[in-house]
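Data block below; observations after.
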Amino acid sequence: MAWVKIIHILCVMGWMTSIFAVPRALIYWKREFARLNENGPLGDLTFRLYRFSAGLAVIAVLTGLWLAWTFGFPVWTHVKLALVVLLAGHYAWTGRLVRRAQQGIFTESDMFLRIFNEVSVIGAIAILWVVVVQPF
């Protein structure tokens, strides 16, 4: 069971890196696109980071469900799962922004993308609190 936890934590760390980095990278990609009038290396890197972390997200969710199943789904895991679903929705929205950016469509402002980025930080803190404190 320790290996499943290790894999879960490692994949969560990788997924979180993308959740925090991709919205910020979109800001710089938008600026690069405005300067070059085409997708440059930053756009390719951002897309690859998002795509790679999608696999990590799947593994993180599957190992998390495995762990919850093994321990009988205590109440706090339901709360954590709900928060993870919200964070996954945020991640999917980020994917939509990345796909649009690949087409050269950047309609969101830098301020929106900064705030959008910080929402994921709040979500991650909420998940960590539920996991560490296990209030229920």
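These values consider heavy atoms only, across backbone and side chains, with no hydrogens, waters or symmetry-generated copies.
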Legend entry - side chain to side chain donor-acceptor pair (under 3.5 Å): pairs with one or both residues in residues 14-25, sequence neighbours excluded: Ser18-Ser53

Legend entry - In one Ile/Leu/Val/Met/Phe/Trp/Tyr side-chain cluster, 4.5 Å: Phe136, Val85: no

Legend entry - CD1 on Ile19 to OG1 on Thr94, rounded to 0.5 Å: 7.5 Å

Inset, instruction - Scan residues 110-126 for pairs that pass side chain to side chain donor-acceptor pair (under 3.5 Å), counting only residues two or more places apart or in two chains. - result: Arg31-Asp110

Legend entry - Interatomic distance, Thr63 atom OG1 to Leu10 atom CG [nearest 0.5 angstrom]: 9.5 Å

Inset, instruction - Rounded to the nearest 0.5 Å, what's the gap from CG on Asp44 to CD on Gln102? Could you check? - result: 8.5 Å

Inset, instruction - Look up atom CE in Met1 and atom OG1 in Thr70, then write down how far apart they are to the nearest 0.5 Å. - result: 3.5 Å

Inset, instruction - With sequence neighbours left out, write down each residue that passes salt bridge (Lys or Arg N to Asp or Glu O under 4.0 Å) with Glu108, or none if nothing qualifies. - result: Arg100

Inset, instruction - Could you pull out the closest heavy-atom pair between Val12 and Ala60, with the gap in Å? - result: CG2-CB, 3.7 Å

Legend entry - Tyr50 versus Tyr91, closest heavy-atom pair with distance: O-OH, 2.7 Å

Legend entry - Value rounded to 0.5 Å, distance of CZ in Phe73 from NZ in Lys80: 10.5 Å

Inset, instruction - Find the distance between CD1 (Ile7) and CH2 (Trp66) and round it off to the nearest 0.5 Å. - result: 8.0 Å

Inset, instruction - Look at the aromatic rings of Trp29 and Phe106 and report parallel, tilted or perpendicular, splitting at 30° and 60°. - result: perpendicular

